[in-house]
Each structure stands twice: as C-alpha cells, then as structure tokens.
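Worksheet: the structure to be examined is printed underneath.
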Amino acid sequence: MALTAIKGFNDILPDESGRWQHIEKSARRVFELNGFSEIRVPIMEKTELFRRSIGDATDIVEKEMYTFTDKGENCVTLRPEGTAGVMRALIEHKLYVQDPVAKLYYLGPMFRYERPQKGRYRQFHQIGAEITGVHDPLADAQLLNMLSTFFREIGLDEPALQINSLGCPECRPAYRNTLLSFLDGRLDSLCEDCKRRFTTNPLRTLDCKVAGCIEATAGAPAMLDHLCRACGEHFDGVRRYLDLSGTRYSLNTRMVRGLDYYTRTTFEMVTCQLGSQSAVAAGGRYDGLISQLGGPEIPGIGFAMGLERVALLLSQREFVTTPDLFIATMGGGERDLAFRLMDGLLKSGVRVEMDYEGKSLKSQMRRADKLKAVYSVVIGQNEVSSGRAAFKRMADGVVTDAALSVDEIAKVVKCFDSPLK
RNA sequence: GUGGCUAUGGUGAAGCGGUUAACACUUACGACUGUGACUCGUACAUACGUGGGUUCAAUUCCCACUAGCCACCCCA
C-alpha cells in the first residue's frame, strides 16, 4: 500500500464513530449541567507556553513534543495536552475579570511523539474540564463528582476514582527530603530505573511496578502524612465533600503526576482492563500555574480524560443508527415517486433509504435487511395507480397498508418509533 | 529511546520447500422474473509486507529493511 496514515495517527472509521459521539455527547451533557462552557483553543501554540507550564524537565517537553519552526521562524508546537492552551486563553482574554470563577471544558486532538501501544497513540483525543478561581475544596469535589457521574452516565462502573494530595511549595520540599533519606538507605534493592529516578524524580519510585521496589518502599513516608496545615485542611475538605455527595473514592498515597504544575489534590480514574494504560482520566489542582504563565494569582483544578481509552472500555457496545424505512422500487417510473417521497420524509425527520442503482428487488430487500431498516415498502406500478402501499415491519413481517403520502407514511413509521430515538 | 512477538484477499485465517493458496465471513448475482432473514448455487488472492540470499524449486528456510501489535520508559 503506497499511502498510509502516519505512525500513531489513526482513522476513526464509521463503525467506531458512533461510540465516540456517544462519549462526546454524554460529556457535553454532564459538563454543561454542571455549569461548564466549552472553550475552543488552537491545536498549536508557541512552544514556550508548554515549556513554561508542563515543565522543562518533563519527558513530555524533553522528548515527546511535535515542535517545529514555521515559515515565519516561530517555534511552534502541536499541543501535547489541553490545560496550557486554555489557561493561556483565560489570561489573554482576561476571562477572570467579568467572572472570577471560570468553568471551562474542551475536547480535541493532542499530540505526543511516543511509541504507540494499546490505548496510546501519537495523535490522541482528550476531553478536559477546568475550574479556575476557586480555592475551596468544594470545587475539587464537584469536579470529581462530575467526572464519576460522567462515567456512570456512559454506562461504566469502572474506572475507580483514586485521590491523593501532592502538597504545595510549602510542604513538598520537606517531604521530598524525608523520602530521599528513606530511599537512600535502600538504594541497593531498587531497580535500575528507580536508581536513576532517585536523582531525577524520587516520588516516581513510589509508583514503580517492579516487585522489588514495591517491597523496598513498603514503609515509605507518604506525602499525605507530611502536608502542611493548610494543605491538610484542604484535603480533609475534599474528602468531606466527596462523602457528602456520595462520590466513591479510595486513597492512593503513591499517586504522582507527570506534569510539574500540579499542587495539592491529584486524582486518577483507573481501570485494570487496559493493560498498562490504567489511567483513563487524571488531573489535579494547579494553584500556581496561572501566575506562572503571567496571569494573576488564580487557583485552578482540572482533569483530562483519554478518549481512546474510554472508547476501548466501551468497545463491546454497539452504536448504530438504522433507517426507519427502506423504499424499494420495481424500476422505471416509480423511482421518481419514491424519490419525492423520500425527500418529503427526510424533511419531516424520518430516516429513509432507497436503492440508488436500480438493483433487483431481491437485492433491495437484502439491503433493507442489512441496514436493519425498521420498515420496508415496495413501490411499483400497482402502488402508483392505487396510491397505496404495504409497509412491512421487518422485525416480524407485519404489514400495514397506507396511502403514499408523506404524512400517512410518517404516521405509520413513527408509531413504531421506539422512545429511545 | 529499549525489548519481545507478528506480517497470506475487504475481514478472520489454513498451508511451513514442488498445492488449481484451504475454509469461514463480507460482497455481487442467481435458485424465488413483486418482497429480506434460513437454505442452496456461482463468482471474488497472476497472489502470500519490501529487498536480497540458499535451493533444480521458496508463501514456506536465512538475512536486512519496513510496518503493526504488546510491554518498558513516560503518560490521558
């Protein structure tokens, strides 16, 4: 095959797009119910934005970004995540002036140059939501509750919510030192990766999957036990509100984050059904990010979920739209009448299909069956002269006689319309 | 960036040195010329990822490349 898609860039074919639309529609409904508005931001930004927000030393910025110089000599990057662009827009348009609290959601493609594997591609899609301008843990809890509700709405019991707190610039450094001295004594029993992480990102060791490391860090100090007073109270507040709203969660004191901007509350929706890509959605609080990007001191919290992963969890489910009526014709002059009827029915909201190429009646009926049309009708000379036709309900073969007018046909077809449509 | 596995039609696959490259699904047409589903029949890979090599002979063995998948790293 001469021309193929780029590695890690996938087509979403018609048999999958229904599932994607189901996810997107549900997200919009749940988020808008919670008072979130959609924001649409560019998929490319100045590279500087991501370096400043995600963190220069993170893997994303160091080796995974699609960065290039455009024809005007600007260094630009295909967005590897959504929060940075949304915060840039918030600051650029001073959205916080009119309303100090912003609740925004976005959806669209993100790009990361990684080695593709299950549930992880170079172009992938996220739906995310952000609340800015609220310090109170009530915001954290509402966001988490909304996320859980979303998963319930699309029909998934999994994934499960896990939460943690990463503290703030006040208490994290001290904890980091505590952890370092703990690990220092056990360096020998850690895996090669973790030995490297000891200097680069010691918190990550808590998240290591190697058995030896899990054993060695069994009694490791947890950030949760080392939070400063303010962070501790905040986290207690989050938990209290989660309980009040009946949002189920568990603590995961070993959860860490890949982006530098996170503070305090962090969370993940995890599943065990997706191999190593256990996080279906993740996020946290980023109280320092907006000021770091040149905006005012405004706190924020948000999450992003990976649509490919959600779609994978939903992959057993069918999402197809079927025609209400298939019009078969005998050929010749009836096709004009059939086409006019189809046009009228389509305009009144009835999903109609008819044969395009003058195939045999048998072929047409087979097609009606394959498309899972609810009704079929054959129009030939008899029907043209009588002005009536037999509408056959495909599921059980029951036939209803009706006049060949848009209104009459719509009545027949609609009365069988399931309330789900 | 590092490993492992795999590459046969629209799809799922059998074949593992000489075959008309099975079988099933899908698709098309027909048996049933004004009615689908079930059944039956017919048709549908000059072709086995690409390039080399071994051999009288390679889809089958070897090498390289490329692609895909899975895992690591990291992440949603």
Side-chain angles (χ1 to χ4, degrees), chain A residues 1-2 4-8 10 13 15 54 57-65 79-83 107 109-128 147 159 191-194 196-197 200-201 204 207-210 255-259 267-271 274-284 302-313 326-332 334 355 357 359-384 389-397 399:
Chain A
M1 236 178 283
T4 56
I6 302 169
K7 187 191 191 76
N10 297 129
L13 299 176
D15 61 338
I54 298 169
T58 58
D59 275 27
I60 296 179
V61 171
E62 265 187 356
K63 49 192 198 194
E64 294 175 0
M65 295 207 301
R79 63 182 183 192
E81 59 103 37
T83 302
L107 92 210
M110 308 292 161
F111 304 85
R112 258 122 97 158
Y113 194 88
E114 301 177 274
R115 189 79 164 258
Q117 67 184 271
K118 185 174 190 173
R120 178 212 282 186
Y121 305 101
R122 290 184 174 178
Q123 178 182 117
F124 61 104
H125 298 78
Q126 291 188 331
I127 299 183
L147 186 56
C191 69
E192 287 309 309
D193 282 326
C194 284
R196 178 175 52 77
R197 286 195 270 245
T200 59
N201 189 355
R204 193 100 239 164
D207 203 31
C208 187
K209 295 172 192 98
V210 176
M255 186 196 307
V256 291
R257 287 280 73 136
L259 287 67
F267 52 88
E268 285 180 8
M269 300 291 296
V270 299
T271 175
L274 257 34
S276 59
Q277 320 304 323
S278 59
V280 177
F303 66 77
M305 67 177 130
L307 279 195
E308 280 78 4
R309 296 179 185 181
V310 178
L312 234 34
L313 290 178
F326 188 96
I327 303 177
T329 60
M330 297 308 296
E334 308 91 57
D355 170 61
E357 303 188 84
K359 295 262 175 82
S360 70
L361 182 62
K362 183 179 189 70
S363 295
Q364 295 184 58
M365 290 306 293
R366 277 186 177 159
R367 182 165 170 76
D369 187 57
K370 197 183 69 180
L371 294 173
K372 297 191 167 66
V374 181
Y375 278 87
S376 70
V377 65
V378 177
I379 298 179
Q381 280 315 122
N382 301 344
E383 287 75 17
V384 171
F391 290 81
K392 179 180 189 175
R393 197 199 280 164
M394 298 296 276
D396 54 11
V399 168

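Chain A is the first sequence line, chain B the second, and so forth, proteins listed ahead of strands; every chain is numbered from 1. On a predicted model such as this, the values are computed, not experimentally measured, just so you know.
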Roughly how many Å apart are [M] and [N], using the [atom1] atom of each and rounding to a whole number?
N      : M      : atom1 : result
B:rA57 : B:rG1  : P     : 40 Å
B:rC63 : B:rU54 : P     : 15 Å
B:rU46 : B:rU39 : P     : 29 Å
B:rG36 : B:rA14 : P     : 37 Å
B:rU19 : B:rU27 : P     : 33 Å
B:rA13 : B:rU55 : C1'   : 29 Å

Next on the checklist: If you apply the rule side-chain contact (heavy atoms from CB on, under 4.5 Å), what do you find for A:M255 with A:E268, and how did you get there?
Outcome noted: CA-CA 8 Å; A:M255 186 196 307; A:E268 285 180 8; 3.7 Å; yes
Relative to the 5' end of RNA chain B, which residue comes earlier, A:K118 or A:V280, by the nucleotide with the nearest heavy atom?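 First, find each residue's nearest nucleotide; the 5'-ward one identifies A:K118.
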Both A:A304 and A:Y113 contact RNA chain B. Which one's nearest nucleotide lies toward the 5' end?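 Its nearest nucleotide lies further toward 5', so the answer is A:Y113.
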When we call it a touch if two heavy atoms are under 4.0 Å apart, what does [X] touch: a base, just sugar-phosphate, or nothing?
X      : answer
A:L259 : sugar-phosphate
A:A368 : nothing
A:K372 : nothing
A:T58  : nothing
A:M394 : base

- request: Record whether the side chain of A:R120 comes under 3.5 Å of the base of B:rC74 through a donor-acceptor pair of N or O atoms.
  value: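 Donor-acceptor pair under 3.5 Å: yes.
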> Among the nucleotides B:rC74, B:rA71, B:rA76, which one has an atom lying closest to any side-chain atom of A:E308?
Replying inline: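 So the nucleotide nearest the side chain must be B:rA76.
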Would you say A:Q126 reaches B:rA76's phosphate, i.e. side-chain N/O to OP1/OP2 under 4.0 Å?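 No, outside the criterion.
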task: Ignoring backbone atoms, test whether A:S363 places a side-chain nitrogen or oxygen under 4.0 Å from the OP1 or OP2 oxygen of B:rA28.
output: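 No, no such contact exists.
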Polar atoms only, N or O, under 3.5 Å: list the protein pairs with nucleotides 31-35 of chain B and their distances.
{"from": "B:rG34", "atom 1": "O6", "to": "A:N382", "atom 2": "N", "distance (Å)": "3.1"}
{"from": "B:rG34", "atom 1": "O6", "to": "A:N382", "atom 2": "OD1", "distance (Å)": "3.2"}
{"from": "B:rG34", "atom 1": "O6", "to": "A:N382", "atom 2": "ND2", "distance (Å)": "2.8"}
{"from": "B:rG34", "atom 1": "N1", "to": "A:N382", "atom 2": "ND2", "distance (Å)": "3.4"}
{"from": "B:rG34", "atom 1": "N1", "to": "A:E383", "atom 2": "OE1", "distance (Å)": "2.8"}
{"from": "B:rG34", "atom 1": "N1", "to": "A:E383", "atom 2": "OE2", "distance (Å)": "3.2"}
{"from": "B:rG34", "atom 1": "N2", "to": "A:E383", "atom 2": "OE1", "distance (Å)": "3.2"}
{"from": "B:rG34", "atom 1": "N2", "to": "A:E383", "atom 2": "OE2", "distance (Å)": "2.2"}
{"from": "B:rU35", "atom 1": "O2'", "to": "A:K392", "atom 2": "NZ", "distance (Å)": "3.2"}

